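These notes concern the structure reproduced below.
Everything numeric in this text was worked out from a predicted model, so none of it was measured.
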Amino acid sequence: MSVNGAIKKRIAILLENGFEDSEFKIPYNALQKAGATTVILGTRMNEEYKGKRGELSIAPEATAAEVRSEDFDAILIPGGVAPDKIRTNSNAVRLVIDAMAQGKVIAAICHGPQLLIEADQLRLRQATGFRAIRKDIQNAGATYINEAVVVNGNLITSRQPSDLPMFAAAIINSLGLSIEGTTLPSASDQSYEWWKLGEAWGGSTRGEIVNVLNVAVMGERYSAAAFKEYEKRATDIELKVVLRETMTTKQRHIALLESRLKDFGEEVSWQAMGSEALAALQSWLQSNTSEPDIMRRALGDLQTGIVDSSGLYLQITDPATAEILQEIEANLSQHEQRFGDLYRARLGARVEAPMPTTFAGVS
């Protein structure tokens, strides 16, 4: 089949239960807009695969046992927990091996490279993937590159949902496709507002990104104020220094987040909830003024910030906002290490183990 006299590109998408919804939806929508033919391949007949987040339910059009790599111009492997299941299917593995040997475009995001690892197709390659499988990628013989999109010959890899607009654009560009009325820049263009493509292809809306930024600002403003209160009550000089350093870092985080909000023409809207949180903090401080209590509270605040930042950047398809949140996560992790070192030096020998938990039927 052809489009305007050109051969229409055919792309196989490998799915199983637990695929990351957005990592299917955004490349799929982008490829449809680019005029490509997509074929959903599963591992079983008469199956319907549900996305990890419960947003999508997809019935495959064929199985890996029925097709040949020659039938396609590219193979797309979304992430989630699906690739770990697909890698146990010998037909899917064979399809990837054959396609790689024939120079077909292979695009894998997040945990998608697990299938490439099983097929032994990462050796001596440059690749990326979700950070949880970084060591697996390296052990498979690849050089891990911590970038949104890594293009190495016919292999395109990406890390996480926030990279999806760049990932989908790289696939379209590699196949020589185009979308009418849309200019697709190189994935290395950091000045481009990629979130707009993400939104157009079914990703995060402007409102959802703004909401994530507001939640992050609220968290950093609250904890900056909390650390100021902790510092007032601390007498240990080194603890006071660590608290002040953390406050300085958090002020920088707030400035980065507020600057990104201004890019969207928005102002921060956190005050009401922030006031409630600070009132609860003041109540806690009235009965918990010992330095061990303060140190543990501060450590807990940092750990909450680390988890929250990670959760927020995995929700959005905006690379610029995700980059800020990843920086916050990394900075807070460094401060967590510093607090942990100080806590162990001061109080580690006096930490009391909790009472053992008893489970029914277990003695």
Side-chain angles (χ1 to χ4, degrees), residues 11 20-34 36 53 55 74 76-80 105 107-110 112 127-131 145-152 155-217 256-266 309-330:
I11 292 85
E20 183 65 49
D21 302 67
S22 62
E23 290 169 5
F24 166 80
K25 179 169 60 175
I26 290 178
Y28 175 84
N29 287 340
L31 287 164
Q32 292 289 312
K33 289 179 181 291
R53 302 189 184 278
E55 298 171 6
L76 170 63
I77 311 168
V105 172
I109 185 169
C110 196
T128 194
F130 192 60
R131 63 182 184 178
I145 309 293
N146 186 26
E147 293 180 1
V149 177
V150 176
V151 179
N152 185 214
L155 177 63
I156 303 170
T157 50
S158 205
R159 302 170 303 182
Q160 59 204 26
S162 63
D163 303 331
L164 278 164
M166 297 165 139
F167 178 63
I171 297 170
I172 291 170
N173 286 334
S174 292
L175 290 169
L177 298 173
S178 62
I179 299 175
E180 186 176 354
T182 303
T183 300
L184 298 179
S186 165
S188 61
D189 187 343
Q190 299 298 315
S191 63
Y192 189 75
E193 288 286 8
W194 289 99
W195 72 269
K196 293 180 180 179
L197 280 182
E199 183 179 49
W201 294 338
S204 305
T205 65
R206 178 185 179 280
E208 288 167 341
I209 298 167
V210 167
N211 181 64
V212 161
L213 284 162
N214 267 305
V215 170
V217 172
L256 288 171
L257 292 164
E258 290 182 344
S259 176
R260 184 59 180 155
L261 271 171
K262 287 179 182 177
D263 291 341
F264 290 94
E266 297 285 341
S309 297
S310 175
L312 288 172
Y313 74 69
L314 291 175
Q315 291 178 23
I316 55 173
T317 54
D318 174 20
T321 298
E323 185 176 358
I324 294 170
L325 293 167
Q326 286 175 286
E327 181 179 338
I328 291 172
E329 180 191 28

(request) Could you tell me the separation between the CG atom of Leu175 and the CD1 atom of Ile11, rounded to the nearest 0.5 Å? (result) 5.0 Å

(message) Minimum heavy-atom separation for Ile179 and Ala30, please, with both atom names.
(response) CD1-O, 3.8 Å

(message) Going by side-chain hydrogen bond (donor to acceptor under 3.5 Å, both in side chains), name the residues that satisfy it together with Thr157, two or more places apart in sequence or in a different chain.
(response) none

(request) Kindly indicate, with the supporting measurements, whether the criterion side-chain contact (heavy atoms from CB on, under 4.5 Å) is fulfilled by Ser204 and Ile209. (result) CA-CA 7 Å; Ser204 305; Ile209 298 167; 3.8 Å; yes

(message) Can you confirm whether Trp201 sits close enough to Leu164 that some side-chain heavy atom of one is under 4.5 Å from a side-chain heavy atom of the other?
(response) no

(request) Please identify each residue that fulfils side-chain hydrogen bond (donor to acceptor under 3.5 Å, both in side chains) with Ser188, with sequence neighbours left out. (result) Ser186

(request) Just jot down the side-chain contact (heavy atoms from CB on, under 4.5 Å) partners of Glu258, sequence neighbours excluded, or say none. (result) Val217, Arg221, Ile254, Val268

(message) Let me confirm one number: the CG-NZ distance from Leu257 to Lys262, rounded to the nearest 0.5 Å.
(response) 12.5 Å

(message) Strictly by salt bridge (charged side-chain N to carboxylate O under 4.0 Å, His left out), give each pair with a member in residues 170-191 just once, sequence neighbours left out.
(response) none

(request) I would like to know whether Glu329 and Tyr313 meet side chain to side chain donor-acceptor pair (under 3.5 Å); could you show each step before the answer? (result) CA-CA 10 Å; Glu329 180 191 28; Tyr313 74 69; 3.1 Å; yes

(request) Please check if the side chain of Ser158 supplies one atom and the backbone of Ala148 the other of a donor-acceptor pair under 3.5 Å. (result) yes

(message) On a heavy-atom basis, which atom in Thr205 and which in Glu199 lie closest, and how many Å separate them?
(response) CA-OE2, 3.2 Å

(request) Could I get the full list of side-chain contact (heavy atoms from CB on, under 4.5 Å) partners for Pro165, not counting sequence neighbours? (result) Trp194, Leu197, Thr317

(message) Checking Ala107 now: which residues fulfil side-chain contact (heavy atoms from CB on, under 4.5 Å) with it, not counting sequence neighbours?
(response) Leu76, Ile156, Phe167, Ile171

(message) Between Pro161 and Ile316, is there a side-chain heavy-atom distance shorter than 4.5 Å?
(response) no

(request) Side-chain contact test, heavy atoms from C-beta onward, threshold under 4.5 Å: evaluate it for Leu256 versus Ile328 and give yes or no. (result) no

(message) If I compare all heavy atoms of Met166 with all of Pro319, which pair ends up nearest, and what's the gap?
(response) SD-CG, 4.0 Å

(request) Write out all pairs satisfying side-chain hydrogen bond (donor to acceptor under 3.5 Å, both in side chains) with one or both partners inside residues 163-179, taking only residues at least two apart or from two chains. (result) Arg159-Asp163

(request) Might you point out which heavy atoms bring Cys110 and Gly80 nearest each other, and give the distance in Å? (result) SG-N, 4.4 Å

(message) Please list all pairs meeting side-chain hydrogen bond (donor to acceptor under 3.5 Å, both in side chains) that have one or both residues in residues 23-34, counting only residues at least two apart or in different chains.
(response) Gln32-Thr38

(request) Tell me, please, which residues at least two apart from Glu55 pass side-chain hydrogen bond (donor to acceptor under 3.5 Å, both in side chains). (result) none

(message) Measuring from atom CG of Asn211 to atom CD of Gln315, what distance do you get when rounded to the nearest 0.5 angstrom?
(response) 8.5 Å

(message) Looking at every non-hydrogen atom in both residues, tell me the closest pair between Gly202 and Ile26 and how far apart they are.
(response) C-CG1, 4.2 Å

(message) Working to the nearest 0.5 angstrom, can you tell me the gap between Ile172 CD1 and Thr182 OG1?
(response) 9.0 Å

(message) Could you work out, with side-chain contact (heavy atoms from CB on, under 4.5 Å) as the rule, every residue matching Asp263, not counting sequence neighbours?
(response) Arg260

(message) Using 0.5 Å steps for rounding, measure from the CG atom of Leu213 to the CD1 atom of Ile324.
(response) 6.5 Å

(message) Once side-chain hydrogen bond (donor to acceptor under 3.5 Å, both in side chains) is applied, do any residues pair with Trp195, and if so which ones, sequence neighbours excluded?
(response) Glu193

(message) With rounding to the nearest 0.5 angstrom, report the OG to CG distance, Ser162 to Leu314.
(response) 7.5 Å

(message) Ignoring hydrogens, what is the shortest heavy-atom contact between Ala216 and Leu312? Give both atom names and the distance.
(response) CB-CD1, 4.0 Å

(message) Suppose the criterion is salt bridge (charged side-chain N to carboxylate O under 4.0 Å, His left out): which pairs have a residue in residues 202-216, not counting sequence neighbours?
(response) Arg206-Glu266

